[in-house]
Every structure is written in structure tokens, then in C-alpha cells.
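Just below is one structure, and these are the notes that go with it.
Computed from a prediction, not measured in an experiment: that's the story for all the values here.
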Amino acid sequence: MSSRRRASVVLVVGLVLVVVGVTVLLTNRGDESLGWFAYAPLAEATYSPGLVVTSTHLWAAGAAVVGLVATSGAVGFIVGRRDRGRGA
């Protein structure tokens with residue numbers, strides 16, 4: 001497999017990781033971690049836990065960051081690579 005094709009595969013995989021990570025971050029509310037504490041007496045705004053960060057959020061953020069790094073590396077490789085056939 002040529003290095004340009006390999007960079008293209010890394011670019012596609014990186015973009016998929018970014019899209020999946022951001023989608024999970026935006027759609028997962030984290031309410032499932034409340035357990036039985038979400039019963040009526042503690043359901044008022046006074047007892048609201050606010051922002052709930054779960055391990056799913058951490059995995060999604062990690063996937064998005066890895067995808068961004070892979071995407072930027074692949075784009076840099078593709079754009080910055082010299083064509084050896086033209087005598088740079």
C-alpha cells in the first residue's frame with residue numbers, strides 16, 4: 001500500500017472518529033448514572049446534579065481528540081508531501 005493511500009485511509013478513519021465522538025458527546029445526556037436517586041422528592045431543581053460526566057463522555061471525547069490528531073496528521077502529510085517525480 002502506498003504512503004499516500006495509507007494517509008487517505010488514516011484521514012477517513014480520523015474523520016469517522018471525530019464524527020462519532022462529537023455525536024455521542026452531543027446526544028448522551030448522562031441521566032442513566034443517577035440510579036434510584038431520581039425519585040420524586042429529589043427531583044426538584046434544588047437537588048439537580050447539573051452536568052453529569054460519565055465514562056461514555058470521556059471515551060467519546062478521547063475518540064474525538066484521537067480523530068482530530070489523526071486527521072490533522074494525514075492532511076499535513078498529504079498536503080506537505082513533495083512529488084519526487086517533478087524534481088523539487
May I have the list of side-chain donor-acceptor pairs in residues 71-80 shorter than 3.5 Å, sequence neighbours left out?
from, atom 1, to, atom 2, distance (Å)
T71, OG1, L15, N, 3.4
T71, OG1, G67, O, 2.7
S72, OG, L68, O, 3.1
S72, OG, V69, O, 3.0

Looking only at heavy atoms, what is the nearest atom pair of N28 and H57, with distance?
-> O-NE2, 2.8 Å
Using atom types as modelled, flag every donor-acceptor pair under 3.5 Å from a side chain in residues 5-12 to any protein atom, sequence neighbours excluded.
from, atom 1, to, atom 2, distance (Å)
R6, NH2, M1, O, 2.7
S8, OG, R4, O, 3.0

Sequence neighbours excluded, which residues qualify as side chain to side chain contact (heavy atoms under 4.5 Å, CB included) partners of T23?
-> V19, T27
Side-chain donor-acceptor pairs of residues 58-65 under 3.5 Å, sequence neighbours excluded:
none

